[in-house]
Structure formats: C-alpha cells, structure tokens
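Naming convention: chains lettered A, B, ... in sequence-line order (proteins, then strands); numbering from 1 in each chain. Model, not experiment: these values are computed from the prediction.
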Amino acid sequence: MASSKAARMGEEVWKTRTEKINLEVLTLTYGTLVSQLTHDLRDPATNIPDYAAINTELDRMGHSIGLRLIEDFLAKTSSAGPAPCNNFRETAEMIAKVGFKIFLNVTPRVENWDKEGRSFGLVFEEMPVSEFVELPDDGRAQEELWFLNLFCGVVKGALEMVQMQVKAEWVSDVLRGDDTTEMRVTLIRYIEDEMPPDDE
Amino acid sequence: MPSMVGPPPDVPPKEPPYTAILPAKPFHSRLHSPSSRKTIYDRNLNRTQTTPTSLPSFAYLFNTLITYHHSKSGSVSEIETRLNRAGYPIGIKLLDLLLYRQARAAVRPTRIIDLLQFVHTTLWRALFGRAADALEQGVSNKNEYMIFDNEPVVNTYLSVPKEMSQLNCAAFVAGILEGVCDAAGFGMEGVTAHWASASGGTGGAEGEGNKEEEMWPGKTIFLLRFGEVAMRREEAFKAGGG
C-alpha cells in the first residue's frame, strides 16, 4: 500500500472512528505506572531501581496489550480495505501511519532501512507520552531505563498476532539526552500457519 | 583538697552544638539533554492542555495498571488503596498546574466550597472534558461531601468480575482528588470511589429509584472526607464572618 494511502487511512480512522480522551490523562497514567515499577523493582542489596528489570516488565506489559490491540486495529481499518500487507515495507507504513496514528495520534517517520529490507527505524518527532517526563537524576536511569519500552512490547505483540515475529527495541530516546527518539523494528521470521499433522 | 593540676580526666569530646547543613543542591541537574534542547523546561506548560488522544489506548493502559496492582493485592480494598496511591501524586502536581492555567489569578482554594467547586468543575474539565454531574454534602457527617459522576470515563470498556463487584477502579480518580485536596492543605481523611447502585457496576438494580440506576449503571460517588484540621479552619473562617 502506498505511503500516502496509509496516511489517509490513519487520518480517517483517527477522525471518525476513534473515541478520544485528553492526552494528559494518558501521559500521567503511564508516568504513574513506570514510577510504580521503579519503586517495586529494586535491587534488594542496594535498594536502587533495577532498570533492566523495569524495561523487561514494561515490554511484557506492552506485549499483552499488543495481543489484544491488533483486533481493534483490524476492526477499525477493515472497511478501508482489509488487504494484508504484501511485504514488510507495507507493514512498516501501516504501523507508522495507521497504527501509531490511531492509538497515539502521532506519525513516526519510517527511516534507516537495512539493505535486505528486513529492519527499519521509526523516528518520533514528538512522543506525547513523554510530556512532563524527566528521568531520575541518579546517574543511571538515563543510561539504563527505556521509559517507553512498553511500546516495543505492543508492536511485538500486535505483529505476532498477524504472523510476524519481530524484534523491537529503542535505539535512542530524547529523554536519555539523545537527539532523536527511534525504535528499531527487525523482522525475524514470518510465522507459518502450522497445520496439524493429519489435516488434509 | 583535690589537686587542680594534672591531666584532665578522659571525657568524650563534646558534640558540637549544631549540625552542619549538607551543601545539597537538588536542582543542580546532571542529566544529559539533547542538542535540540527538547527538555521539559523548554516547553510551554500548556502545550498539551487540549490535545486529544485515543480513549482505547488509555483503556489498555489503565487495564495494565489495574492488572499489575491486582497481582500485588490480596483483597478488593487493597486494589482500591493501591489505585488510590497511584493517582495521588498526580493530584499533588495537578493542583498547581490547573491553577496556573486558569484565566483568573492563581489563588489556591482555602474554603471547602471553593475547593469542591474547583474539583467538580476545573479538575473534571481538565481530565474528562466536562464537569462532574453533581455535588452534595453528606447527611449524617458534616465533614463528608460527595461528587457524582454518572459515567466515569476511566471505567469505559472495563468490566469487573462478579465476585469482585464491589471494586470500583475509579479509585484511581479518587486518589487524584485526594492529592489535589491534600496539596491545597485540607489534610483529607480520605477520598474513595463507590458504586451508586447496590449491585455495583454490573447493572441489574432492583427496587426504589432503579430508573436512575438503569440509566447510569456505572454511576459513581466520590466520597470526600475532610480531616479535623480542615473542619476547624472552616469553622474559624465562618466565625470570622468569612
């Protein structure tokens, strides 16, 4: 699907088929969740937040959201032509221009493809969920915590339900002092429909 | 006569009569910031005041929050307490932000009625795009007030299992309210969220007044219990002719 068509579809679903809430409610709720994890997941010896464990937990939470969110995504986009993506490049466009648009009202740029066309970057000019956020000034959070890690889990979970196993991880985040906010998505494999052995 | 000379007896060195203040500088940030200076200090505080986002996304996230706290709790009331605590710090910060944003002077409410109106109208509008549905004083206890919401936005798409029908996840919003009131100096005894109908959010009400309950099965009462200090202060205001 052409990039502009995906953009139109995202715009239309966002405008006409998405119930809205004030962004700040979402932002503050996400903040309180991450903040809770930094209290609960601590290294028992030093009582310092275990940021690696927090990243993992956020990813796991996101994954379980992704598994359910894909239904909603397919239902909302189906009337606009439920055609499955023909290749991974189309998948990238759909994630950026439709997925992120209708669930977060942002459209990341799809950039930095690798040569084989199996890995791309989603570059976020704005990340609404990071509004009002500053990482703790403890000398470690900015090196170790991926504040937005839940969203990698969402992408992985959602694609898994449409037969794609991917790796998704942040490679930079403005909150960590980087100049960009970029998620790297890499296709590991298409999950084949596994037929039961005796099925004819 | 004891001798006045000789080595002084072994006494422990006296504690200095003061404690040195540590040269703490909590606002001396060591954080890295991007070269574009896109930090929270460079942004207008009102930037996202009216920006919409997707309600389903909020629902997914709120569900995740509830599931997390459920997994750490042994009872319905513990889940509600934990959700309340999750909302509390949000309220603390929202008070100043919302006062700063209002058109008139940013004066904190000091009277109970002013505070209740602020919560019922300003806070509700900021979070949910509309005022709350009603505001009443408790009948039996003078320190209790109730704010009604016919259809709490946070409970959209949520269904509570039957065996936990008492659970009202708007406890999260109650925590925000409690934070706002405490930050304004009212020292709340507590703010809690309750279903208006006896059958909880599951509908199926019977008996008196069930028309109302049928129309708003999710109707929720936020019960604000003011602390003694706040009540005494209110009395003093009244006595002073305020």
Using a cut-off of 6.0 Å, state whether more than 12 heavy atoms not belonging to Met161(A) lie near its atom CE.
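12 or below, so no.
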
More than 12 heavy atoms of other residues, nucleotides or ligands under 6.0 Å from CD of Glu71(A): yes or no?
no

Does any heavy atom of chain A fall under 4.5 Å from the side chain of [X], the backbone, both, or neither of them?
X: Arg47(B); answer: side chain
X: Tyr88(B); answer: neither
X: Leu31(B); answer: both
X: Ile176(B); answer: neither

To the nearest 0.5 angstrom, please state how far the [atom1] atom of [X] sits from the [atom2] atom of [Y].
X: Asp178(A); Y: Ser33(B); atom1: CG; atom2: OG; answer: 11.0 Å
X: Ile40(B); Y: Glu131(A); atom1: CD1; atom2: CD; answer: 9.5 Å
X: Asn63(B); Y: Ser64(A); atom1: CG; atom2: OG; answer: 7.5 Å
X: Thr32(A); Y: Phe62(B); atom1: OG1; atom2: CZ; answer: 10.5 Å
X: Ile21(A); Y: Phe58(B); atom1: CD1; atom2: CZ; answer: 5.0 Å
X: Leu127(B); Y: Asn22(A); atom1: CG; atom2: CG; answer: 7.0 Å

Quick check on Arg68(A) against chain B: is it the side chain, the backbone, both or neither that has a heavy atom closer than 4.5 Å?
both

If you look only at distance, which donor and acceptor atoms sit under 3.5 Å apart when one is on a side chain in residues 144-154 of chain A and the other is two or more places apart or in another chain?
residue: Glu144(A); atom: OE1; partner: Arg140(A); partner atom: NH2; Å: 2.9
residue: Glu144(A); atom: OE2; partner: Arg140(A); partner atom: NE; Å: 3.1
residue: Asn149(A); atom: ND2; partner: Asn55(A); partner atom: O; Å: 2.9

With chain A as the partner chain, list the residues of residues 65-78 of chain B whose heavy atoms fall under 4.5 Å from it, by residue number, and write 'none' if nothing qualifies.
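Within residues 65-78 of chain B, the residues under 4.5 Å from chain A are Leu65(B), Tyr68(B), His69(B), Lys72(B).
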
Do you know which of Val174(A), Leu104(A), Thr18(A), Leu69(A) has the most heavy-atom pairs under 4.5 Å to chain B?
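It is Leu69(A).
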
Determine the option with the most heavy-atom pairs under 4.5 angstrom with chain B, choosing from Thr27(A), Asp72(A), Leu175(A).
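If we count pairs closer than 4.5 Å to chain B, Asp72(A) comes out on top.
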
Begin from the C-alpha positions of Arg43(B) and Glu126(A) and carry the test salt bridge (charged side-chain N to carboxylate O under 4.0 Å, His left out) through to its verdict.
CA-CA 12 Å; Arg43(B) 305 203 142 170; Glu126(A) 290 293 333; 3.5 Å; yes

Glu111(A) meets the side-chain hydrogen bond (donor to acceptor under 3.5 Å, both in side chains) criterion, sequence neighbours left out, with Arg109(A)

Sorted by chain and number, sequence neighbours left out, side-chain hydrogen bond (donor to acceptor under 3.5 Å, both in side chains) with Gln165(A) holds for Arg189(A)

Between Ser57(B) and Phe103(A), is there a donor-acceptor pair closer than 3.5 Å when you use the side chain of the first and the backbone of the second?
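At least one qualifying donor-acceptor pair exists.
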
Flag, side chain of Asn105(A) to backbone of Ser54(B), donor-acceptor distance under 3.5 Å
no

Work out which heavy atom in [X] is nearest to a heavy atom in [Y]; give both atom names and the distance.
X: Tyr157(B); Y: Glu19(A); result: OH-OE2, 2.7 Å
X: Thr29(A); Y: Ile90(B); result: N-CD1, 4.4 Å
X: Asp137(A); Y: Ser29(B); result: OD2-CA, 3.4 Å

Qualifying residue, where the test is side-chain hydrogen bond (donor to acceptor under 3.5 Å, both in side chains) with Glu24(A) and the options are Thr48(B), Thr50(B), Thr51(B), Thr53(B):
Thr48(B)

Please step through side-chain contact (heavy atoms from CB on, under 4.5 Å) for the pair Leu28(A) and Lys93(B), ending with a clear verdict.
CA-CA 10 Å; Leu28(A) 296 168; Lys93(B) 292 169 207 155; over 6 Å; no

Walk me through whether Arg82(B) and Gln36(A) qualify under side-chain contact (heavy atoms from CB on, under 4.5 Å).
CA-CA 10 Å; Arg82(B) 283 179 145 269; Gln36(A) 186 68 48; 4.2 Å; yes

